[in-house]
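Notes follow the structure.
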Amino acid sequence: MIIDAENRQQVLAYDLIANTNRSFFLTGRAGTGKTTFLCNVQETVKKQFITLAPTGVAAILAGGATIHSFFGLPLQVCTPDIYGSIGRENILALLHADTIIIDEVSMLRCDIVDAIDRTMRRTLRNNLPFGGKQMVFVGDMFQLSPVCIEKDRQILKDIYQTDTFFYYKANAIKRMELPKIEFTKVYRQEDLHFLDILEHVRLNRMTGEDMRELNSRIGHPAENDKMVITLASTINKADEINQVNLNRIDSELFTYEGKVQGQFDAKRFPAEVNLMLKVGAQVMFVRNDADKRWVNGTIGVVSKLDKEMIEVTKNDGTSYGVPLCTWESCSYEYDPATKKVKKEVTGTYTQFPLRLAWAITVHKSQGMTFDRMSLDLTHRMFAAGQLYVALSRVRSLDGLYLSGCINPASALTSREVLAYAGGYNDEHAINNAIEIGKATYELLRKNDYDGAAKQILLLVHKKVQDNDLKEALHLAKTFLDTVICDEECYGAIDEVPESLKDTSHWATHFLCALLNLYAENFEQALDNVDKVLSVHQCPEALYVKSRALEKMERYQEADLVNVELINYFDASSPDAKVVYMIAMLNEMHVGDPGLGMMQTLVEMRPEYDKGITSLRNLMKRKNLVLLMEEDEDEEQGLVEAFNSDMSGDEFASVLRIARENKAKSLFYLRKMIKQMKFEE
């Protein structure tokens with residue numbers, strides 16, 4: 001592991017990524033090494049990763065793609081009826097990816113998060129949050145919040161019943177109860193006293209002494225100090241400062257034109273397409289140097305220029321010829337030969353990694369670090385978190401200059417973000433996620449949803465015994481999101497804890513109903529779930545009721561519950577366990593058609609072998625066989641096995657071997673299943 005083994009939060013985050021499929025939120029103040037950690041994890045953990053970010057520049061810096069381009073989302077408010085138009089290559093990449101990293105999530109609105117969730121669930125035909133993929137949301141919520149133009153604000157307010165649109169307001173996130181890990185060990189700044197002041201600004205806890213310390217830095221750097229950058233709150237102010245200073249230099253102006261090859265969106269250029277410089281101009285590097293001579297944010301002065309070359313002198317007096325840099329615009333695709341998701345370079349942008357740097361905006365400064373910095377306060381900072389972002393760019397208090405006085409009103413911090421941060425580094429929640437993740441990770445990798453669900457059910461029982469009812473209820477929902485055929489779960493529970501029986505709350509009644517169902521106490525399960533439904537109508541309770549009624553051989557009553565249950569689900573992404581349950585009940589006990597529904601399940605979950613074997617069993621009851629094409633190029637052996645008289649166990653074994661070694665044969669089988677016409 002290339003991580004700091006003495007950093008407790010890094011160890012926990014590594015464990016979640018390396019050994020589970022559990023999603024989580026990763027945060028930390030500036031300089032705590034989030035980006036370095038994620039780069040190291042992607043190099044060492046044997047998983048397939050996709051990295052995405054809200055903006056083009058953030059995506060380029062993160063080495064990934066933009067969220068909107070990858071998922072094909074429109075540049076508008078994503079109302080609940082909007083899905084992404086995801087391309088074929090991205091679909092294949094998504095299917096085979098293990099972990100999706102969303103960087104700079106503090107900038108991401110909740111409607112975009114829900115659109116990602118809807119698109120992934122429909123694309124992957126999986127009703128688990130985000131289609132069952134591990135999501136790692138990364139960002140500092142104390143930095144700048146999502147941008148929302150006024151005309152979109154009322155639409156979002158109507159949908160989410162809130163005035164703020166942080167990523168965690170998304171309905172998908174509310175379903176998940178994300179553990180939240182905050183990196184607290186700072187690697188960037190070494191001025192511990194200044195770090196304390198920054199933390200007070202971040203948490204809106206500035207003291208009088210903090211104010212005095214900061215305002216003691218009011219003043220301008222010396223005239224001959226050429227290595228100070230000004231941070232401005234508006235782009236117009238930054239451009240004005242840069243242009244005035246460039247015009248003051250009485251020397252030849254050189255213009256360097258950036259070059260594009262392939263597809264590279266102009267909005268994502270990390271350096272100006274027409275870079276105008278003079279000898280003596282103050283510049284900033286906008287990319288880390290492979291030889292570590294400078295980093296993103298290093299300030300210097302242009303010391304030599306010609307048409308092909310730029311030389312920059314750093315603050316320590318060292319001078320370097322600056323080579324051209326090439327940035328890549330990437331997409332993701334799945335390589336069936338290697339069975340890996342690979343990044344495909346779709347275009348490049350080549351330019352000198354420099355920009356004029358007498359001034360930049362606070363927004364542009366995110367992710368950068370300066371030795372000395374002047375903060376322009378001629379325009380008030382209104383955005384929550386903007387002052388913190390600005391101050392945390394500089395390494396020490398001694399390197400800070402202020403154009404005016406900071407007052408407490410400038411240190412705006414969202415109360416809502418402060419409340420959200422109260423859940424950071426809750427080891428109980430994090431360890432719960434690691435526990436369930438380790439219990440189910442390998443089973444889910446093998447597409448053994450029912451085996452994973454059984455392990456989750458056992459954890460529900462354990463949490464109830466430990467009187468951790470909140471976590472038990474959350475796991476119960478996860479169990480019902482995971483399971484497809486629950487037959488192997490019956491008898492898994494030996495007894496229902498007595499503590500559940502003396503209660504009047506619907507949630508506890510639900511846990512009692514669920515555990516009684518799988519303890520095969522069907523009467524008690526039915527009694528408890530009816531108490532739930534009398535006060536709280538929900539699809540989870542209806543599912544438990546239907547299963548209890550079927551086990552009690554009250555098939556017509558179960559059928560009526562199923563009619564009610566099916567109305568809860570979106571036809572574009574139906575619930576797999578409900579589809580399976582209704583298909584089996586209809587065919588085995590009610591006399592209604594169910595083969596078409598089982599066919600739908602196979603199409604929804606092509607990796608789920610039990611869907612195929614169950615369809616085969618139901619077809620055999622009606623003496624039906626799959627049709628076969630007269631094509632010698634097709635591998636028909638698996639279809640022949642499907643139609644044969646071999647036992648169910650024998651066919652399951654043949655299917656398992658084909659999945660491992662004969663992908664073409666399996667594809668042909670699914671094709672023939674899809675083409676079957678069943679009488680409904």
Quiz item: Of F25, F130, F24, which meets ring pair (Phe, Tyr, Trp, His ring centres under 6.0 Å) against F137?
Solution: F130
Practice problem: Would you please name every residue forming a side chain to side chain donor-acceptor pair (under 3.5 Å) with K304, sequence neighbours left out? | Solution: none
Exercise. Write down the atom of M284, the atom of F370, and the distance for their closest heavy-atom approach.
Key: SD-CE2, 3.4 Å
Quiz item: Has the side chain of D15 got a donor or acceptor atom that lies under 3.5 Å from a matching backbone atom of L12?
Solution: no
Exercise. Please determine, by modelled atom types, if Y14 and Q9 share a side-chain donor-acceptor pair under 3.5 angstrom.
Key: no
Quiz prompt | With sequence neighbours excluded, residues passing side chain to side chain donor-acceptor pair (under 3.5 Å) with E427 | solution = R8
Self-check item: Partner of Y168 under side-chain contact (heavy atoms from CB on, under 4.5 Å), chosen from V417, V105, L178, V113
Solution: V417
Quiz item: When you check the side-chain N and O atoms of E471 and H428, is any donor under 3.5 Å from an acceptor?
Solution: no
Quiz item: Taking atom types as modelled, is there a side-chain donor on E416 or T164 under 3.5 Å from an acceptor on the other?
Solution: yes
Quiz item: Is there a side-chain contact between D111 and I155, using heavy atoms and a 4.5 Å cut-off?
Solution: no
Quiz item: Are any of the side-chain heavy atoms of V136 and S23 separated by less than 4.5 Å?
Solution: no
Quiz prompt | T326 and T350 side chains, donor-acceptor separation under 3.5 Å | solution = yes
Quiz item: Hey, is the main chain of K174 close enough, under 3.5 Å, to the side chain of E177 for a donor-acceptor pair?
Solution: no
Quiz prompt | Gap between atom CG of D468 and atom CG of N432 - 0.5 Å precision | solution = 6.0 Å
Self-check item: Distance-only polar pair, side chains of T318 and D316, donor-acceptor under 3.5 Å
Solution: yes
Quiz prompt | Heavy-atom side-chain proximity of H220 to L402 below 4.5 angstrom | solution = no
Quiz item: Do NZ/NE/NH1/NH2 and the carboxylate oxygens of E435 and K463 come within less than 4.0 Å?
Solution: yes
Quiz item: Will you find, in the side chains of S251 and K278, an N or O donor that is under 3.5 Å from an N or O acceptor?
Solution: no
Self-check item: Y424 and F142 aromatic ring geometry - parallel, tilted or perpendicular at 30°/60° bounds
Solution: perpendicular
Self-check item: Exercise: do Q10 and K185 side chains pair donor with acceptor under 3.5 Å
Solution: no
Quiz item: Looking at Y401, does the NZ or CZ of R217 lie under 6.0 angstrom from its six-membered ring centre and within 45 degrees of the ring axis?
Solution: yes
Self-check item: Any L38 side-chain heavy atom under 4.5 Å of T51 side chain
Solution: no
Exercise. Evaluate salt bridge (Lys or Arg N to Asp or Glu O under 4.0 Å) for D426 paired with K180, printing each intermediate quantity in order.
Key: CA-CA 7 Å; D426 179 345; K180 301 182 277 286; over 6 Å; no
Quiz item: Should the heavy atoms of other residues, nucleotides or ligands under 6.0 Å from CZ of R205 be counted, would the total exceed 12?
Solution: no
Practice problem: State which residue, out of L214, L387, V394, I218, fulfils the side-chain contact (heavy atoms from CB on, under 4.5 Å) condition with L375. | Solution: L387
Exercise. Verify salt bridge (Lys or Arg N to Asp or Glu O under 4.0 Å) between R202 and E182, making sure each step is shown before the conclusion.
Key: CA-CA 14 Å; R202 183 175 185 248; E182 180 188 26; 3.1 Å; yes
Quiz item: Hey, are D114 and Y167 close enough side-chain-wise for a donor-acceptor pair under 3.5 Å?
Solution: no
Quiz item: Taking side chain as C-beta onward, heavy atoms only, is I67 less than 4.5 Å from I116?
Solution: yes
Practice problem: Could you pull out the closest heavy-atom pair between N215 and I406, with the gap in Å? | Solution: OD1-N, 2.8 Å
Exercise. Using a strict cut-off of less than 4.0 Å between a Lys/Arg side-chain nitrogen and an Asp/Glu carboxylate oxygen, indicate whether K34 and E104 qualify as a salt bridge.
Key: no
Quiz item: Which residues satisfy the side chain to side chain donor-acceptor pair (under 3.5 Å) test with R293, sequence neighbours excluded?
Solution: D289
Quiz item: Going by heavy atoms in the side chains, are L391 and L198 under 4.5 Å from each other?
Solution: yes
Exercise. Test F285 against every option in F352, W294, Y320 by the ring pair (Phe, Tyr, Trp, His ring centres under 6.0 Å) rule and name the one that passes.
Key: W294
Quiz item: Just wondering, are more than 12 heavy atoms of other shown residues or ligands nearer than 6.0 Å to CD in E6?
Solution: no
Quiz item: Does D98 come within less than 4.0 Å of K133, counting only side-chain N to carboxylate O?
Solution: no
Quiz item: Are a donor atom and an acceptor atom from the side chains of N247 and Q243 found within less than 3.5 Å of each other?
Solution: yes
Quiz item: Are there more than 12 heavy atoms of other residues, nucleotides or ligands under 6.0 Å from atom CD1 of I235?
Solution: no
